[in-house]
Number of protein chains: 4
Amino acid sequence: MPASEPLAPRPENRRQRVLEAAASRFLRHGYSAASMRDIAADAGMQVGSIYYHFPSKADLLTAVHQEGLRRIKTAVTEALSGRQDPWERLEWACITHMEVLLHGGDFFQTVMRELPRETDPDWKHLVALRDDYEAIFTGLLDALTLPADMDRRKVRLMLLGAMNYSPMWYRSGDDAPANIARNFIEVLRRGLEPGAP
Amino acid sequence: MPASEPLAPRPENRRQRVLEAAASRFLRHGYSAASMRDIAADAGMQVGSIYYHFPSKADLLTAVHQEGLRRIKTAVTEALSGRQDPWERLEWACITHMEVLLHGGDFFQTVMRELPRETDPDWKHLVALRDDYEAIFTGLLDALTLPADMDRRKVRLMLLGAMNYSPMWYRSGDDAPANIARNFIEVLRRGLEPGAP
Amino acid sequence: MPASEPLAPRPENRRQRVLEAAASRFLRHGYSAASMRDIAADAGMQVGSIYYHFPSKADLLTAVHQEGLRRIKTAVTEALSGRQDPWERLEWACITHMEVLLHGGDFFQTVMRELPRETDPDWKHLVALRDDYEAIFTGLLDALTLPADMDRRKVRLMLLGAMNYSPMWYRSGDDAPANIARNFIEVLRRGLEPGAP
Amino acid sequence: MPASEPLAPRPENRRQRVLEAAASRFLRHGYSAASMRDIAADAGMQVGSIYYHFPSKADLLTAVHQEGLRRIKTAVTEALSGRQDPWERLEWACITHMEVLLHGGDFFQTVMRELPRETDPDWKHLVALRDDYEAIFTGLLDALTLPADMDRRKVRLMLLGAMNYSPMWYRSGDDAPANIARNFIEVLRRGLEPGAP
DNA sequence: GATGAATGAGTTTTCATTCAT
DNA sequence: CATGAATGAAAACTCATTCAT
């Protein structure tokens, strides 16, 4: 036998290929409309082969969520490192959130689109994963100096909602994600009637 | 003869029963994970009977969207009638939007949760239906007096995103929908640092 | 109430409309691929209404066969009346058979195309109906003066097969059915090598 | 360990088993009255397993036609090889045609019984397959020396019709297929009145 | 006579999963 | 590691038929 086979699949990135195919299919078709066969085809293998890497379809979804949240957490944490000003920190968290969401591939978008449902097999786990990420924003808002009666939870959910809805309307010609994020923060901070009594 | 016969089908509301069952299942399981069998069971009839009222599952989804959007449009239009002040009008649109979304049953929530995908059977139609409703908000924002460089489209999408994300976190003990809406408007109008330079 | 209603269906020909629609659908789609709903639609009525005229789909098929065979028997019998010469009688039977088969509507063609199968509900009945018609040809062949060892049954089946296959290849530009029939008879009588030893 | 394991699927002939079961069911019940469930049962497997080998019921029909026509073409071609005399060649083609049709199993008979309809899924393809076979007969007739005004197409269709109708009346006690074929050729060649003026 | 509404058994097809090789 | 082959349950949908009105 010669030294190398023509199609030799580099050993470790086949799992990754499956994961990417799954994220893409979950995002475009939804979890249950995405079929293992199609995912396998996208990943360039047979259905049965997926099961060597992942024990079930539900585990694939979990892995996509984990990967998506791992990426966003890493990115946000890195963006915050070294920054002190509370408003600047919030702004950079949002900039990163928007950039990863809109230009960072299918993983994080799948997390935000294929939101867990109470009827999902792994519901509690997925919710816990996401809550863990969103806790970063709880901390960032707590660090702001705000009027005493301001409901910080509502503000956080308002901001996250505004951002997470963006893949629904964002098109390639739109303003850059970072600018959209800055706009949201600006509106949030000053309001629409900055000079009002 | 006893008071009621088993086969008397209370003629007209069976179609409505199907529609309600479908909205509920679509909301709780997602469109493709919801089975016609379960919808039929919820509606108290046989699977085949659904097809007398709706030609396909996709049409059922379309009908749910139509009904949800018909309801919210009616409610918002009515809430706006007689009001003149632009900010008051926007606030009432949001109050109504939140009340119908959070306390108005499954229809409108399904519209906002089961967002159309490009791969969906009736995608363009569903998007057009929702755009038609959201156009109300375009008008409301156009009526506001805002700084000249303010991007009203972004503001509209920010506000809608904040509201439409709410079913994801809203729990029964939370503040009333109307209050949440008022809070959103307040933040949007004044910002979080009302006295800032 | 005014003197006449706009849609008043002339009382007796609705049964006939059903029968014609059935023949057409049976012929073009085959018995089991033809649906009662489609037949009803072609006939301009609701499915349920068919059951006033015919107790079941199988009975519809039987009725189509009966009507088709009634028509061809009437036509052939009439064509033979007054003719004495055995070969002329056979020729006219064939001319009529071909004309009704190729230009006589869907009934007789359905009889010959949707041939009864042993698995059909009404198999024996349908076969008996057709045998009854084909018996005419047995008689016509018996009347011919032929070489003693000639197997008249085989000749009859050869001739009927040749004719009954014709709807499969006959197209509107082809020779007239009567001419095709005359050709068949000519070949049958003289052979392809008329002057051979 | 006992002699055979229940799950050992004798690897390659399962596809063939499906094909045979399909031919048999299509022949006895007709294409649309034959159910995949019954075909699977005849083949000794689950319905779903059929779809590993054939993508749809329509493809199964196509495969049956292909196999039937492949068989008859092979048989006829072989029967003609080495023969020169035009009439002898035609006779042997007919002998083979009749033998395969009446004693050659369900495949070719299905081709000739389950004649393609314009409404069939794969209509044009099936017609093309059969035309390809029947072209052999066009060639055989062209090779005969016949009166100048003889319409060879009509003669070909007369002969094919006579043969293809035979499964409808052939019963096990009948004359051997080869003899029936010889009879047809004899009648075709000499006619019924060989000594006539 | 006709129909609107419903039924239940049936259809083809899809799918996640398994497992011997 | 990967796959070819199979499975059985479930999917959406169709259909002949029924029956009260």
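Here is the naming used below: chain letters follow the sequence lines, and residue numbers restart at 1 for every chain.
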Rounded to whole angstrom units, what separation is found between the [atom1] atom of [X] and the [atom2] atom of [N]?
X     : N      : atom1 : atom2 : value
D:K57 : E:dT14 : NZ    : P     : 15 Å
D:Y31 : E:dT11 : OH    : C1'   : 12 Å
A:F54 : F:dA2  : CZ    : P     : 12 Å
D:L60 : E:dT12 : CG    : P     : 11 Å
D:R25 : E:dT12 : CZ    : C1'   : 16 Å
B:I50 : F:dC15 : CD1   : C1'   : 17 Å
B:M36 : F:dT14 : CE    : P     : 10 Å
B:R15 : E:dG4  : CZ    : P     : 16 Å

At under 4.0 Å, does any side-chain N or O of [X] touch on OP1 or OP2 of [N]?
X     : N     : answer
A:Q46 : F:dA2 : no
B:S49 : E:dT7 : yes
A:R14 : F:dC1 : no
D:Y52 : F:dA5 : yes
B:H53 : E:dG4 : no

In terms of the nearest nucleotide of DNA chain E, which residue is placed more toward the 5' end: D:D38 or C:G44?
C:G44

Starting at the 5' end of DNA chain E and moving along, which residue's nearest nucleotide shows up first, A:S56 or D:R37?
D:R37

Could you identify the nucleotide paired to F:dC13, looking across every strand shown and requiring Watson-Crick or G-U wobble geometry with both distances under 3.5 Å?
E:dG10

Using Watson-Crick or G-U wobble geometry with both distances under 3.5 Å, which nucleotide pairs with E:dA20?
F:dT3

Under a 4.0 Å N-O cut-off, is there an ion pair linking D:R15 with D:E67?
no

Out of E:dT14, E:dA6, F:dA6, minimum distance to the side chain of D:Y51 belongs to E:dT14

Note: for D:M45 and B:P55 on DNA chain F, the residue whose nearest nucleotide lies more 5' is D:M45

Residue whose nearest DNA chain F nucleotide is more 5′ - C:G48 or B:V47
B:V47

Counting any heavy atom closer than 4.0 Å, what does B:A34 reach on the DNA or RNA strands: base, sugar-phosphate only, or nothing?
sugar-phosphate

So D:S35, base contact, sugar-phosphate only, or nothing? Heavy-atom distance under 4.0 Å.
sugar-phosphate

Tightest non-hydrogen contact, residues D:F26 and D:K57, listed as CE2-CE, 4.2 Å

Taking all non-hydrogen atoms of both residues, which atom of A:R117 and which atom of B:L27 are closest, and how far apart?
NH1-O, 3.1 Å

Any donor-acceptor N or O pair under 3.5 Å, side chains D:D59, D:S56
yes

Is there a donor-acceptor pair under 3.5 Å between the side chain of B:Y31 and the backbone N or O of B:P116?
no

Separation of C:R17 CZ from C:M45 CE (nearest 0.5 Å)
5.5 Å

